[in-house]
Chemist: 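Supplied in structure tokens, the structure appears directly below.
In listed order, ligands and their atoms are each counted from 1. Keep in mind that the numbers below use all heavy atoms, side chains included, and drop hydrogens, waters and symmetry copies.
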Amino acid sequence: MKVGIVETPGVLKLAEREIPKVKNADDVLVKVKRVGICGSDIHILHGKNPFAVYPRVWGHEFVGEVADTGAGVKSVKEGDRIVVEPITYCGNCYACLQGRPNVCVDVKVFGVHRDGGCADYVVVPETNVHILPEGLSWDEAALIEPFTIGAQACYRGNVQQGDYVLVMGAGTIGLTAASMAKLYGGTVIVSDLVDEKLNYAKSRGADYVINSGKEDLFKRVAEISGGMGPNVTIDAVCIKKTFEDAVLITSTAGRVVELSFNETPSEIAPVNIIKKEISVCGSRLQTKRFPVVIDFIKTGKLSLAGFVSKVYPVSQMVEAFEYIEKNNASVRKVLISFE
Ligand SMILES: NC(=O)c1ccc[n+]([C@@H]2O[C@H](COP(=O)([O-])OP(=O)(O)OC[C@H]3O[C@@H](n4cnc5c(N)ncnc54)[C@H](O)[C@@H]3O)[C@@H](O)[C@H]2O)c1
Ligand SMILES: [Zn+2]
Ligand SMILES: [Zn+2]
């Protein structure tokens, strides 16, 4: 079978591997149909992900059909259309016992710590598969995982009906956070430097968009929120300045949700956190968000139409990565097809 691997940083290629077999009672063999390319896959390609071990079959955003099951598998059968939840965890550490396996001390992400979904076939544990809503196309199904990241950010920020929610960044992740915040009843403000991205955010239901390169973000957000500031700020730009601005702009009793893996220190005086008693929290991957996103799709509340920018056959995987890097201002999600 074909797999897409990052052999060493900078070297992306197709390779041949044996089709994996079901070994354990809870194994599910998945015939992959689509795998999405994420910013983090590009980081892995460029050697910028500290957790990646090479060579690595990339891909954590993948969907497909069940091709075989272990003896103990009950929740899915051959032919079922599923999305894969791309993390495994120990189940015993403090985080796992707190119901937060996404930050398990031994968390393993498909395509990062272990081989991922850019392959004709992948074996995954039964607990990692979720049945797709009927009628959902493969292209749209591949977006479920990125939307779980936005859902997690809203969950961590405890977005409530009526909250002003500022999402910094109208890239893929910012857009998913903005959509989810809207579904939770927020008044959603999205900032970015690129008008094209902001226009798309607006077309997806953002209430206000601000080009923070052209307008004063603090002033505009104050006007919109009656001087209060956002109750929840989600940083999906993930640079030093946006983290600092997020703390400064957020309202009293508000929440700052940080998505960044950035290692650059920020300068934030503690007084800016305590005087408003804001909560600053990280949001990493997701926990229990697949059923939430799937439910929003099933009930017709979350539309995924038009979100996929382009689909490449696996034979053109390298071109797909190049396309993203060359069209960063307009690309939302590029998929690889295994059909
Ligand atoms: N915590 C997690 O679980 C998680 C998961 C996925 C991605 N991420 C992180 O989220 C970040 C965003 O990912 P993405 O795929 O959406 O990236 P992206 O490149 O698609 O989006 C970033 C957006 O920020 C905008 N931007 C850049 N500088 C800006 C500035 N100064 N002010 C306002 N906007 C600015 C860009 O125009 C772009 O639209 C990345 O840093 C990524 O590592 C975190
Ligand atoms: Zn991703
Ligand atoms: Zn654990």
Chemist: Within 45° of the six-membered ring axis of Phe338 and under 6.0 Å from that ring's centre, is NZ or CZ of Lys33 located there?
Modeler: no
Chemist: Which of the atoms in ligand 1, numbered in the order shown and given with their element, are less than 4.0 Å from a heavy-atom of Val194?
Modeler: 37 (O)
Chemist: Considering all protein heavy atoms, does one lie under 4.0 Å from atom 30 (C) of ligand 1?
Modeler: yes
Chemist: Using a strict 4.0 Å cut-off to heavy atoms of Ser212, name the atoms of ligand 1 that fall inside it.
Modeler: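 Answer, ordered by atom number: 32 (N), 33 (C).
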Chemist: Where is the nearest protein heavy atom to atom 15 (O) of ligand 1: which residue, which atom, and how far?
Modeler: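 Result: Ile173 CG1, 3.8 Å.
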Chemist: Cation-pi check for Tyr200 against Arg332: NZ or CZ below 6.0 Å from the six-membered ring centre and within 45 degrees of the axis, yes or no?
Modeler: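 Verdict for Tyr200: a cation-pi partner in Arg332.
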Chemist: Pick one: which of Thr242, Asp245, Thr250 meets side-chain hydrogen bond (donor to acceptor under 3.5 Å, both in side chains) with Thr233?
Modeler: Thr250
Chemist: Give the residue, atom name and distance (to 0.1 Å) of the protein heavy atom nearest atom 5 (C) of ligand 1.
Modeler: Ile149 CG2, 3.6 Å
Chemist: What are the protein N, O or S atoms, given as residue plus atom name, that sit under 2.8 Å from the Zn ion (ligand 2)?
Modeler: Cys38 SG, His60 NE2, Glu61 OE2
Chemist: Hey, what else clusters with Ile268 if you join Ile, Leu, Val, Met, Phe, Trp, Tyr whenever side-chain heavy atoms sit under 4.5 Å?
Modeler: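 Phe243, Val247, Val256, Ile273, Ile278, Val280, which link up through side-chain heavy atoms under 4.5 Å apart, make up the rest of the cluster.
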Chemist: Taking 4.0 angstrom as the limit, do Arg34 and Glu339 come out as a salt bridge?
Modeler: yes
Chemist: How far is atom 8 (N) of ligand 1 from the closest protein heavy atom, and which atom is that?
Modeler: Leu259 O, 4.0 Å
Chemist: Is the cationic atom of Arg114 (NZ for Lys, CZ for Arg) positioned less than 6.0 Å from the six-membered ring centroid of Phe110 and within 45 degrees of its normal?
Modeler: yes
Chemist: Tell me which protein heavy atom sits closest to atom 21 (O) of ligand 1, plus the residue, atom name and distance to 0.1 Å.
Modeler: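 Protein heavy atom with the smallest distance to atom 21 (O) of ligand 1: Gly171 CA, 3.3 Å.
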Chemist: In this structure, would Ile224 and Met228 fall into the same cluster of hydrophobic residues linked by side-chain contacts under 4.5 Å?
Modeler: yes
Chemist: Could you tell me if any non-hydrogen atom of Ser283 lies under 4.0 Å from any atom of ligand 1?
Modeler: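 Right, Ser283 reaches ligand 1.
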Chemist: Centre of Tyr89's six-membered ring, under 6.0 Å away, within 45 degrees of the axis: is that where NZ or CZ of Lys108 sits?
Modeler: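 No - Lys108 does not lie over the ring of Tyr89 by the 6.0 Å and 45° rule.
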Chemist: Which of these, Asn328, Asp235, Val237, has its nearest heavy atom closest to atom 34 (N) of ligand 1?
Modeler: Val237
Chemist: Nearest 10°: the angle subtended at the Zn ion (ligand 3) by Cys96 SG and Cys90 SG?
Modeler: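 Taking the Zn ion (ligand 3) as the apex, the two atoms subtend 120°.
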Chemist: Checking a contact table here: which protein heavy atom is nearest atom 39 (O) of ligand 1, and how many Å away?
Modeler: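 The protein heavy atom lying closest is Asp192 OD2, 2.6 Å.
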Chemist: Evaluate the criterion ring-ring contact (aromatic ring centres under 6.0 Å, His included) for residue pair Phe307 and Phe147; output intermediate values, then yes/no.
Modeler: CA-CA 11 Å; Phe307 203 94; Phe147 275 85; 5.2 Å; yes
Chemist: Any idea which atoms of ligand 1 are less than 4.0 Å away from a heavy-atom of Leu285?
Modeler: 2 (C), 3 (O)
Chemist: May I ask whether Ser40 places a heavy atom under 4.0 Å from ligand 1?
Modeler: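 It does not; every heavy atom stays at 4.0 Å or beyond.
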Chemist: Provide the number and element of each atom of ligand 1 under 4.0 Å from a heavy atom of Cys238.
Modeler: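 Atoms satisfying the 4.0 Å criterion: 10 (O), 11 (C), 41 (O).
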Chemist: Does Ile239 reach ligand 1, in the sense of a heavy atom lying below 4.0 Å from it?
Modeler: yes
Chemist: Quick one: does Arg284 get within less than 4.0 Å of ligand 1, heavy atoms only?
Modeler: yes
Chemist: Quick one: nearest non-hydrogen protein atom to atom 4 (C) of ligand 1, plus distance?
Modeler: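 The closest heavy atom on the protein side is Phe261 CE1, 3.7 Å.
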Chemist: Which atoms of ligand 1 have any heavy atom of Lys197 under 4.0 Å away?
Modeler: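 Ligand 1 atoms under the 4.0 Å threshold to Lys197: 38 (C), 39 (O).
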Chemist: Using a heavy-atom cut-off of under 4.0 Å, does the side chain or the backbone of Ala236 touch ligand 1, or both, or neither?
Modeler: backbone
